[in-house]
K.L.:
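So that we are looking at the same thing, I have put the structure below in structure tokens.
All chains are named by letter (A, B, ...) in the order of the sequence lines, taking the proteins before the strands, and each is independently numbered beginning at 1.
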Amino acid sequence: MQKREAKLASGMLLPTALIVVLVVLGPLIANFWISVKPVELADLRAPAALVTERLRGDAEAVGDSVELQYRIRNSSPERPVISAAFTDTIPEGLTVTALDPRCTLTGRDLSCALGDLEGGFRERFELEAEVTQAFLDAPSDVRDTDPLVTGSGVNVLTNLDFTLENFQRVFSASEFWSVLRVTIYYTVFSTAGALIVGLFAAQLLNTAFKGRGILRGLFLFPYVAPVIAVAFTWLILLDPFSGTVNAMLVEMGLIGAPINFFGTRDVPITIFGLTFDFPVALSTVIAFEAWRYFPLSFLFILAAMQSISTEMYEAAEIDGATPLQQFWYLSLPQLIGILSVLFLLRFIWTFNKFDDIFLLTGGAAGTRTLTVQVYEQGFALSNLGAGAAVAVVVFFVLLAFALAFFRFSPKEGGA
Amino acid sequence: MATMDTTVARNLEPQAGFDFGLGTLISAGIGALAGAVVMIVVGVTLGLVTGEFAAPPAGAAALAGLLAGAYLGSVGPVSRQTRRAQLIAGALLVVILALATFAAPFGLGLDQAPVAQLVALAIFASLTIVGTALMIGDIPSGAVSRYKREEAFIRVMKGLGYVIFTVMVALPFYVMVMTSLKNQSELLANPLDLSIDLSQGAAGLFSSYYELFTQFNFGRYLLVSFIVSTLTVILTLAFSIPGAYAVARLRFKGRQAFARSILLIYMVPAIVLVIPLYAVFSQLGLRNSLLGLLIVYPATTVPVALYMLKGYFEGLPAELEEAGLMDGLSRFGVIVKITLPLALPAIASVSLYVFMIAWNEFLFAFMFLDDPSIFTLSRGVVSLNSSEVPRQHLMAGAVVATVPVLVVFLWLERFLVAGLTAGSVKG
């Protein structure tokens, strides 16, 4: 019985396990592999020999001399193609008179061994041929038969060429530590912001009143709407030249000149004689993040609050506890569990977040986090290897968080 | 029993006439706050709706609110909630506001949108007075106990909260819709003018949408997004239902380990996968194809779907299934005939959640798709973000991307809420 169940279970889990291994675990390992390889975006296309042919000279009478011209090119400017060769069929009615030494001709079948082609290799060579009556009777285009090219390009992804240069690049770049710092600020404050805003929102909707359902639906909008829609809306709202918010603030006399919320790295602010640089763009991005993800924490906190029994509050009421005392001494301790779980989960998800910052600032003005750096290195600078190296860093930082999460998460029954 | 007596006593405090104690002072403060906040909200709304923008006179409104609040405070908790007292307070509010702003209650001249100003004034007055009266609540005009003070404080915070949250959430969506209905020159001339020119008729109003669907191929993007999202839901369910059932019900070695590793996999960030997937899919010819997306999307949603469903399956009574097995049903029959019908709410919420993820997905669509004929909506909207495309098109694209998912969400909201909270809290 037990054996049969185990067999059944493995059958049911197999598809899931398979797809997860193929699309999640496989790439995860592949990412480590790529991170130690000198691979650029352009290398994804393996180098190949390209051969084109054409007929030169006029074939008007029998005995006319024409040239069959072959142009050979290595598609990669840098890497060689090993033992390139091609075969082709000479059109009927042409008699080859002079053959290139690399080529052999058997009947009408031409085959040429070109050897190794260097990166950026280009050559054209000609075969001389004589026109016969057969060709004039039925002229055929040489392009009708495509030359068949063989030869192996070295695929950087699969060869055994390793380098640590990617990691050197990542760690020695002066910006690495600032990126790491920005990532931590961004993650901590966005998570805390979303939690606090969510806690406040949950307080608002904890008691029943008319229109509560509508408000609850409305509060979930930022989370449900696609990120591209809300990110572009905020970009337009906060635009320094024609944004509604800036125009409004100027009109009300709250600010003298429009603020470039997403483009200003920092402004000096003086409080009590202490001057420090306030990171404008980073704070705006954090505010956006709190705005977009508060609905999630709001939902969880609301669900947790509704499950707190009312008897406790009645007892506290009789004992003379004031409303704020009830919140502080009764509600909050009951919510600590869900708050900490939420904090850890949100912390990891915020850390993983790429879309939001990428769409809002593209990582400019001091908002580049590790995830944006992956894109920047891998795709903007076309260095896949360096991008993968940053991704490895992301993965290990995340692993540390995940281990912490499992340590602090409440144990499930029997686990 | 003593505490009971004080509770009763609290509600029976004397309410004689006008009394200018602490309660009145608090009420005045509440009134001033309400006046200023309502003025800012109503004034800005008026400006955005009519296109005549002026800084709302929050100070004058605070003064008017202060006096109206003081009046409402002084009349005591019972008459405070009567229509008569509130009408008097309202009149007081309007008169003071008119005096303090020299008859320009919103900082606008009387000739600028007079009807809208009148309506706004009525809304301002009623919101301020009703809000103030509600926030003051039952605090007495004279001495106020700590309990009542804190209750009033919470009411004020909540009142502020409702306003701030509603504005914070609704404003971007409002601006998104309104911007999409305007044209480029209007937008540049006055970014504060979000009024709608109804005289141009529906064709003029929705011209951005018309152009999106005729020139920018958005009809196709919509279709592609719909197909991709729906197929993702189907594939995810096909993978995760058996998996979740196995983890929840069947006993086998490594069950807990499997459950935990699913959660771990859920935390693997997409950005770590994107480079290897890009590399491999490029070589396999899957990159610029919907098939590629349909491999990646289910793979990334299966773990969370499996986790949510597992939680639900564990909560179903096993006895029912055992009875089914006794009666000669096969395991497959039990799942189809007993478990799935019972788990329908959970399946609905998982479907909705997965649909939402797939519909909103940006990173892979952005990285993988170059061919405009297979763009998803996310990818299509990003392609509108260039200096050559006017911004009302971008906003119209945002609206087109948002409306379907919001409609589906509002329609099935309770499932999403139930699913989100049931599935992930347990972690």
K.L.:
Give, as side chain, backbone, both or neither, the part of A/Glu251 having an atom under 4.5 angstrom from any heavy atom of chain B.
P.N.:
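A/Glu251 touches chain B through backbone and side-chain heavy atoms alike.
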
K.L.:
In terms of heavy-atom pairs under 4.5 Å, which option from B/Ala398, B/Pro242, B/Ala246, B/Pro298 contacts chain A the most?
P.N.:
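Top option by heavy-atom pairs under 4.5 Å: B/Pro242.
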
K.L.:
Where does B/Val44 contact chain A at under 4.5 Å (heavy atoms): side chain, backbone, both or neither?
P.N.:
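For B/Val44, the side chain is the part near chain A, not the backbone.
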
K.L.:
I need the residue from A/Ala388, A/Pro226, A/Gly213 with the largest number of non-hydrogen atom pairs under 4.5 Å to chain B.
P.N.:
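Between A/Ala388, A/Pro226, A/Gly213, the count favours A/Pro226.
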
K.L.:
Measure A/Asn246 against the heavy atoms of chain B and call it side chain, backbone, both or neither at under 4.5 Å.
P.N.:
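No part of it gets close to chain B.
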
K.L.:
Would you please indicate if the ring centroids of A/Phe298 and B/Phe165 are separated by under 6.0 Å?
P.N.:
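That pair fails the under 6.0 Å test.
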
K.L.:
Check each atom of B/Met168 against the heavy atoms of chain A and say whether the ones under 4.5 Å are side chain, backbone, both or neither.
P.N.:
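The answer is both parts of B/Met168.
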
K.L.:
In Å, rounded to the nearest 0.5 Å, how long is the span from CD1 of A/Ile236 to CG of B/Leu394?
P.N.:
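Here the interatomic distance stands at 5.0 Å.
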
K.L.:
Could you tell me if the side chain of B/Ile335 sits less than 4.5 Å from the side chain of A/Met12, heavy atoms only?
P.N.:
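Sidechains of B/Ile335 and A/Met12: in contact.
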
K.L.:
So, for A/Gly378 and B/Ile275, which heavy atoms are closest and what is the spacing to 0.1 Å?
P.N.:
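Smallest heavy-atom distance, with atoms named: CA-CD1, 4.4 Å.
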
K.L.:
At a heavy-atom distance under 4.5 Å, which candidate from A/Phe221, A/Phe354, A/Phe219 has the highest pair count against chain B?
P.N.:
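If we count pairs closer than 4.5 Å to chain B, A/Phe221 comes out on top.
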
K.L.:
Can A/Phe379 and B/Phe366 be said to form a side-chain contact (heavy atoms from CB on, under 4.5 Å), step by step?
P.N.:
CA-CA 12 Å; A/Phe379 296 95; B/Phe366 176 69; over 6 Å; no

K.L.:
Can you tell me how far the OG1 atom of A/Thr233 sits from the CZ atom of B/Arg391, to the nearest 0.5 Å?
P.N.:
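One finds 11.0 Å between OG1 of A/Thr233 and CZ of B/Arg391.
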
K.L.:
Just by modelled atom types, is the B/Ala270 backbone N or O under 3.5 Å from a matching donor or acceptor in the A/Asn352 side chain?
P.N.:
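Checked: no pair found.
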
K.L.:
Does any heavy atom of chain A fall under 4.5 Å from the side chain of B/Ser282, the backbone, both, or neither of them?
P.N.:
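Only the side chain of B/Ser282 comes within 4.5 Å of chain A.
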
K.L.:
With a cut-off of 6.0 Å (strictly less than), are more than 12 heavy atoms of other residues, nucleotides or ligands near CG of A/Leu254?
P.N.:
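More than 12 heavy atoms, drawn from other residues, nucleotides or ligands, come within 6.0 Å of this atom.
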
K.L.:
What part of A/Leu215 lies closer than 4.5 angstrom to a heavy atom of chain B: side chain, backbone, both or neither?
P.N.:
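Side chain only.
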
K.L.:
Given heavy-atom pairs under 4.5 angstrom as the criterion, report whether the side chain, backbone, both or neither of A/Ile19 touches chain B.
P.N.:
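Contact with chain B involves both backbone and side-chain atoms of A/Ile19.
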
K.L.:
Under a 4.5 Å heavy-atom cut-off, does chain B meet the side chain of A/Leu237, its backbone, both or neither?
P.N.:
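For A/Leu237, the side chain is the part near chain B, not the backbone.
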
K.L.:
Which of the residues A/Phe294, A/Trp291, A/Trp234, A/Phe395 is involved in the greatest number of heavy-atom pairs with chain B at under 4.5 angstrom?
P.N.:
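If we count pairs closer than 4.5 Å to chain B, A/Trp291 comes out on top.
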
K.L.:
Under 6.0 Å from the CZ atom of B/Phe252, do we count more than 12 heavy atoms belonging to anything else shown?
P.N.:
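Yes.
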
K.L.:
Under 3.5 Å, side chain of A/Thr16 to main-chain N/O of B/Phe239, donor-acceptor pair present?
P.N.:
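Yes.
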
K.L.:
Are a donor atom and an acceptor atom from the side chains of B/Tyr147 and A/Glu317 found within less than 3.5 Å of each other?
P.N.:
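Their side chains do contain a donor-acceptor pair, which is all the 3.5 Å distance test asks for.
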
K.L.:
Go through the atoms of A/Ile348 and report whether side chain, backbone, both or neither lie under 4.5 Å from a heavy atom of chain B.
P.N.:
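Just its side chain gets close to chain B.
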
K.L.:
Where is the tightest heavy-atom contact between B/Ala401 and A/Ile228, given as atom of each residue plus distance?
P.N.:
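Residues B/Ala401 and A/Ile228, closest heavy atoms: CB-CD1, 4.2 Å.
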
K.L.:
To the nearest 0.5 Å, what is the distance between CD1 on B/Ile164 and CG on A/Leu204?
P.N.:
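Reported value, rounded in 0.5 Å steps: 9.5 Å.
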
K.L.:
Under a 4.5 Å heavy-atom cut-off, does chain B meet the side chain of A/Leu398, its backbone, both or neither?
P.N.:
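Looking at A/Leu398, just its side chain touches chain B.
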
K.L.:
Relative to chain A, which of B/Val247, B/Asn385, B/Val274, B/Val400 shows the most heavy atom pairs under 4.5 Å?
P.N.:
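Among B/Val247, B/Asn385, B/Val274, B/Val400, the one with the most close pairs to chain A is B/Asn385.
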
K.L.:
Relative to chain A, which segment of B/Leu410 carries a heavy atom at a distance below 4.5 Å: side chain, backbone, both, or neither?
P.N.:
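For B/Leu410, side-chain heavy atoms alone lie under 4.5 Å from chain A.
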
K.L.:
Counting C-beta onward and ignoring hydrogens, is there a side-chain heavy-atom pair between A/Val23 and B/Leu273 closer than 4.5 Å?
P.N.:
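Of all side-chain heavy-atom pairs linking B/Leu273 with A/Val23, none is under 4.5 Å.
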
K.L.:
Look up atom CD1 in B/Ile154 and atom CG in A/Leu324, then write down how far apart they are to the nearest 0.5 Å.
P.N.:
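It is 4.5 Å, given to the nearest 0.5 Å.
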
K.L.:
Taking A/Gly26, A/Ala225, A/Ala229, A/Pro323 one by one, which has the highest count of heavy-atom pairs under 4.5 Å against chain B?
P.N.:
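Greatest number of close heavy-atom pairs with chain B: A/Pro323.
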
K.L.:
To the nearest 0.5 Å, what is the distance between CZ on B/Phe258 and CG on A/Leu13?
P.N.:
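Reported to 0.5 Å precision, the distance equals 4.5 Å.
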
K.L.:
Among A/Leu218, A/Val227, A/Leu235, who wins on heavy-atom pairs under 4.5 Å with chain B?
P.N.:
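With the most close heavy-atom pairs to chain B, the winner is A/Leu218.
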
K.L.:
Under 4.5 Å between any side-chain heavy atoms of B/Leu48 and A/Met248, yes or no?
P.N.:
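Answer yes - side chains close enough.
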
K.L.:
Please flag which part of A/Ala304 lies under 4.5 Å from any non-hydrogen atom of chain B: side chain, backbone, both or neither.
P.N.:
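Neither the backbone nor the side chain of A/Ala304 comes within 4.5 Å of chain B.
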
K.L.:
Is it the backbone or the side chain of B/Leu306 that comes under 4.5 Å from a heavy atom of chain A, or both, or neither?
P.N.:
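Side chain only.
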
K.L.:
Examine whether an atom of A/Phe351 lies under 4.5 Å from a heavy atom of chain B, and if so say whether it belongs to the side chain, the backbone or both; otherwise answer neither.
P.N.:
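Neither part; nothing is under 4.5 Å.
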
K.L.:
Looking at B/Val296, B/Thr179, B/Val382, which one has more heavy-atom pairs under 4.5 Å with chain A than the rest?
P.N.:
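Top count of heavy-atom pairs under 4.5 Å with chain A: B/Val382.
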
K.L.:
Where is the tightest heavy-atom contact between B/Asn360 and A/Val224, given as atom of each residue plus distance?
P.N.:
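For B/Asn360 and A/Val224, the tightest heavy-atom pair comes out as ND2-O, 2.8 Å.
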
K.L.:
To the nearest 0.5 Å, what is the distance between CZ (A/Phe200) and CE (B/Met157)?
P.N.:
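Nearest 0.5 Å value for the CZ-CE distance: 4.5 Å.
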
K.L.:
Quick check on B/Leu384 against chain A: is it the side chain, the backbone, both or neither that has a heavy atom closer than 4.5 Å?
P.N.:
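Neither part.
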
K.L.:
Work out which heavy atom in B/Ala299 is nearest to a heavy atom in A/Val24; give both atom names and the distance.
P.N.:
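Heavy atoms only, the tightest pair is O-CG2, 4.1 Å.
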
K.L.:
For B/Met395, which atoms come within 4.5 Å of any heavy atom of chain A: side chain, backbone, both, or neither?
P.N.:
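Answer is side chain: those atoms of B/Met395 sit under 4.5 Å from chain A.
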
K.L.:
Where is the tightest heavy-atom contact between B/Ala279 and A/Ile34, given as atom of each residue plus distance?
P.N.:
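Closest approach of B/Ala279 to A/Ile34: CB-CD1, 4.2 Å.
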
K.L.:
Heavy-atom distances under 4.5 Å only: say whether B/Ile295 touches chain A with side chain, backbone, both or neither.
P.N.:
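Both the backbone and the side chain of B/Ile295 come within 4.5 Å of chain A.
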
K.L.:
Could you tell me which portion of A/Leu342 (side chain, backbone, both or neither) has an atom closer than 4.5 angstrom to a non-hydrogen atom of chain B?
P.N.:
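Contact with chain B is absent: no heavy atom of A/Leu342 under 4.5 Å.
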
K.L.:
Do B/Val272 and A/Phe32 come within less than 4.5 Å of each other through their side chains, counting heavy atoms only?
P.N.:
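The answer is no, as the side chains (C-beta and beyond) never meet within the 4.5 Å cut-off.
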
K.L.:
Looking at A/Phe241, I'd like to know if its CZ atom is crowded, meaning that more than 12 non-hydrogen atoms belonging to other residues, nucleotides or ligands lie closer than 6.0 Å.
P.N.:
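Counting other residues, nucleotides and ligands, CZ of A/Phe241 stays at 12 neighbours or fewer.
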
K.L.:
So what's closer than 4.5 Å to chain B heavy atoms on A/Val230: side chain, backbone, both or neither?
P.N.:
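For A/Val230, side-chain heavy atoms alone lie under 4.5 Å from chain B.
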
K.L.:
With side chains defined as the heavy atoms from C-beta onward, is the minimum distance between A/Thr371 and B/Pro269 less than 4.5 Å?
P.N.:
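No, too far: nothing below the 4.5 Å cut-off.
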
K.L.:
May I ask you to test the B/Arg146-A/Gln325 pair for a side-chain heavy-atom distance under 4.5 Å?
P.N.:
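They are in contact (side-chain heavy atoms under 4.5 Å apart), so the answer is yes.
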
K.L.:
Under 4.5 Å heavy-atom distance to chain A, tell me which part of B/Val302 shows up: side chain, backbone, both or neither.
P.N.:
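The answer is the side chain of B/Val302.
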
K.L.:
Non-hydrogen atoms of chain A under 4.5 Å away: do they reach the side chain of B/Leu352, the backbone, both or neither?
P.N.:
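Neither part.
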
K.L.:
Pick from A/Ala30, A/Gly11, A/Gly217: which one has the most heavy-atom pairs with chain B under 4.5 Å?
P.N.:
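Ranked by contacts with chain B, first place is A/Gly217.
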
